[in-house]
Amino acid sequence: MAEMQEEKKEYIPGSNFVNSLLTDLYQITMTYAYWKNKHEEQTAVFDLFFRKCPFKGEYTIFGGLDECLRFLNTFGFSQKHLQQLEGRFPTWDKKFWEYLGTLDAALLTVYAQREGSVCFPRIPLLRIEGPVAVCQLIETTLLNLVNYASLVTTNACRIRQCVGTSKALLEFGLRRAQGPDGAMSASKYAYIGGFDGTSNVLAGIINDIPIKGTHAHSFVSSFTGIDALNKELINIPPINGANEKNTTFIDTVLEYRSQLEHGSTTNLGELAAFIAYAFAFPTGFLALVDTYDTLNSGVPNFIAVSLALHDLGYKPIGIRLDSGDLAFLSKESRAYFKKIAAQFKIASFEKFNIVASNDINESVLHALNEQGHEIDSFGIGTHLVTCKRQPALGCVYKLVAINGQPRIKVSQSQSKMTVPGKKMAYRLWTASRNEPILDVLVRDPEEVQPDNLYCKTDKQCLCEHPFDGTKRCRVTPSKVEQILIPVFEKGKVVYDSPSLQEIRTHCQTQIARFRRDYLRFTNPTPYKVSVSGELRDLTQRMWRSEVPVVDYQ
């Protein structure tokens, strides 16, 4: 028992703000009303899902499960919480605060999709079952933990799909994120979505993400000329069997500068900055080259320093472009590198890494692909972490059953209607293409036909649109994949959350399974989301029974 309590204490939310008070007031007012009417212990089932994929796309990546489980593992109201609430609402029945103090997640059971999974509209990301009062109290927090996480992960995954597997992606969004919590979450979920590193030092350390970064324009402009350097201090020792030079490192750089095209007119303050940075990081020299003039100063200065480093046995890394026409500048820089490689007979100089930043988004990346470019790595900040193209995913949390009775939410907008009842979700694969063909919702097999599952390998099943009777198909699956798995049962976490690297790998493995037309940027093909015939019939029956018929006279 003590061991269990210790484990519970260790598995806690990543943010101190995540506790039972991180909720909307109406969750507490509804709980009060349930309690006053002695309905608080009714067994409810809620689905947490989204209605439409973000960024005008046709897929979403699920993020936030681990944080949801951490929240549920520690859910409960402390005495301080209760005192604060009672102080705000002194007219409420005092016995309610006693009741609230007894609540935890001990009677909850949660099924979920695996974090990092490709998911689609209406298929629950989480299915929560337990006392209606507790289910209601956790709604806002779960939505908060899933909405942004899934949005950023999806944004990152879309960017990864755009650049392909050969390019490096670096998250540079800390300074533009929505506060510290937004920044920390963005770094974590961008990594899951396919980014390779982050500039966020704290996020990198906490989440074991590679930390990347070089220098800013301010470092370059802080040097006014070669005289700003401490010539006696700057002495880089040779490595890998390179010979000791008779000249100083600075003199060697200046000698190479004089041999380069445009070398005699480059900015000497910039050159001094590059020398100073190379002195600090001789094995990791990557220079920001656009402070003054990329092609006529920055790139030649980088080459002069790189040639001097090469003489001493070091391998410079490359350059970063942060302004201008990135496609043109990257091609011109690559051409210059190849020319230098041939001139000085150093083949590795052809392959210098070209990093690009400068307000890059998914549309810019597609434009760069169309124009052609020589960029190897992209640093992306604002558009990634703020999800500027679509700042919210729009997950919802809907009651679908109470005391075993299916419930439905009806709307004049078909897209806002819910599919009633406790459900299970499956992904069906076909042998002809060896890929997923559709996801289907069925009435939960624990409640109906447990010995005659609706979805079975090599058994034909009818899959229908939940609301449009003209859309249906028959599928004989070669493989049936259960999408929802148990993650939390009767107050205990029963799912071992994988490492961030494992979730990232799962995400990339999942996305590779789907047809490219589902993933494309322009006019993607909608992936089919269906329901069983029985579930469609239930939806139609409940719609007819719950919605009044207008009688025109």
Side-chain angles (χ1 to χ4, degrees), residues 12-51 64-65 67-112 124-150 181 392-403 407-409 411 416 418 420 422 487-488 490-491:
I12 62 175
S15 169
N16 291 332
F17 289 123
V18 178
N19 61 61
S20 55
L21 291 187
L22 186 68
T23 189
D24 292 310
L25 177 61
Y26 81 166
Q27 311 293 7
I28 300 175
T29 58
M30 283 189 285
T31 300
Y32 184 71
Y34 286 136
W35 178 78
K36 290 290 282 186
N37 287 278
K38 300 190 183 306
H39 288 177
E40 73 277 10
E41 294 183 3
Q42 292 183 104
T43 299
V45 180
F46 283 82
D47 287 346
L48 190 155
F49 62 97
F50 59 92
R51 299 186 178 107
L65 175 60
E67 286 298 325
C68 288
L69 294 177
R70 289 172 181 273
F71 165 64
L72 294 176
N73 189 54
T74 56
F75 174 76
F77 291 87
S78 67
Q79 284 303 308
K80 184 178 180 180
H81 290 159
L82 298 173
Q83 290 167 5
Q84 290 169 329
L85 287 170
E86 188 173 4
R88 288 298 186 102
F89 308 105
T91 62
W92 292 17
D93 191 326
K94 293 188 182 301
K95 289 185 179 180
F96 174 70
W97 307 119
E98 296 176 13
Y99 159 73
L100 208 61
T102 67
L103 295 183
D104 57 22
L107 298 178
L108 287 184
T109 294
V110 180
Y111 276 63
L125 302 174
L126 299 170
R127 188 188 79 190
I128 299 94
E129 183 175 9
V132 66
V134 177
C135 291
Q136 203 76 72
L137 286 167
I138 63 176
E139 172 184 351
T140 299
T141 318
L142 293 180
L143 286 169
N144 179 270
L145 293 172
V146 168
N147 263 311
Y148 181 67
S150 300
D181 284 281
L393 175 56
C395 285
V396 293
Y397 186 92
K398 298 298 179 183
L399 178 73
V400 294
I402 192 81
N403 283 341
R407 303 305 299 150
I408 190 171
K409 188 261 182 186
S411 171
K416 289 197 169 186
T418 60
K422 182 179 175 182
V487 295
F488 194 86
K490 302 303 180 186

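We use all heavy atoms of the structure for the numbers below, so side chains are in, but hydrogens, waters and symmetry mates are not. Residue numbers start at 1 and run along the sequence shown.
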Enter the distance from Thr29:OG1 to Tyr26:OH here, rounded to the nearest 0.5 Å. 9.0 Å
Shortest non-hydrogen pair, Thr74 vs Pro13, comes out as OG1-CD, 3.6 Å
Looking at CG of Leu145 and CG of Leu65, how far apart are the two atoms once the value is rounded to the nearest 0.5 Å? 10.5 Å
Heavy atoms from other residues, nucleotides or ligands near NZ of Lys409 exceed 12 (cutoff 6.0 Å): yes
Residues in ring-ring contact (aromatic ring centres under 6.0 Å, His included) with Tyr111, at least two apart? none
How long is the span from the CD1 atom in Ile138 to the SG atom in Cys68, to the nearest 0.5 Å? 9.0 Å
Using modelled atom types and a 3.5 Å cut-off, is there a donor and acceptor pairing between side-chain atoms of Thr141 and backbone atoms of Thr23? no
Tightest non-hydrogen contact, residues Phe46 and Leu399, listed as CD2-N, 3.4 Å
Derivation and outcome, side-chain contact (heavy atoms from CB on, under 4.5 Å), residues Leu137 and Phe75: CA-CA 10 Å; Leu137 286 167; Phe75 174 76; 4.1 Å; yes
Can you measure from CD (Glu67) to CG (Leu142) and round to the nearest 0.5 angstrom? 11.5 Å
Nearest heavy-atom contact between Ala44 and Cys135 is O-SG, 4.2 Å
Val134 and Asp104 have their tightest heavy-atom pair at CG1-O, 3.7 Å
Sub-3.5 Å donor-acceptor pair from the side chain of Asn147 to the main-chain atoms of Leu143, do we have one? yes
Is it true that Thr140 and Gln27 share a donor-acceptor pair across their side chains at a distance under 3.5 Å? yes
List the atom of Cys395, the atom of Leu125, and the distance in Å for their closest heavy-atom pair. SG-CD1, 4.0 Å
Side chain to side chain contact (heavy atoms under 4.5 Å, CB included) test vs Ile128 passes for just one of Thr109, Leu108, Val45, namely Leu108
Just how far is it from atom CZ of Phe77 to atom OG of Ser20, taken to the nearest 0.5 Å? 4.0 Å
Over all atoms of both residues, closest heavy-atom pair of Arg51 and Val396: NH1-CG1, 3.6 Å
Between the main-chain N or O of Phe17 and the side-chain N or O of Ser15, is there a donor-acceptor pair closer than 3.5 Å? yes
Within this structure, what is the CD-CG distance for the pair Glu129 and Asp47, rounded to the nearest 0.5 Å? 11.0 Å
Do Leu107 and Pro131 have side-chain heavy atoms sitting under 4.5 Å apart? yes
Residue pairs passing the side-chain hydrogen bond (donor to acceptor under 3.5 Å, both in side chains) test where at least one lies in residues 33-44, sequence neighbours excluded: Tyr34-Gln136, Gln42-Asn403
Side-chain atoms of residues 83-96: list all donor-acceptor pairs with protein atoms under 3.5 Å, sequence neighbours left out, distances to 0.1 Å.
unit_1 : atom_1 : unit_2 : atom_2 : d
Glu86  : OE2    : Lys94  : NZ     : 2.9
Asp93  : OD1    : Lys95  : N      : 2.9

Test log, rule side-chain contact (heavy atoms from CB on, under 4.5 Å), inputs Val146 and Phe50: CA-CA 10 Å; Val146 168; Phe50 59 92; over 6 Å; no
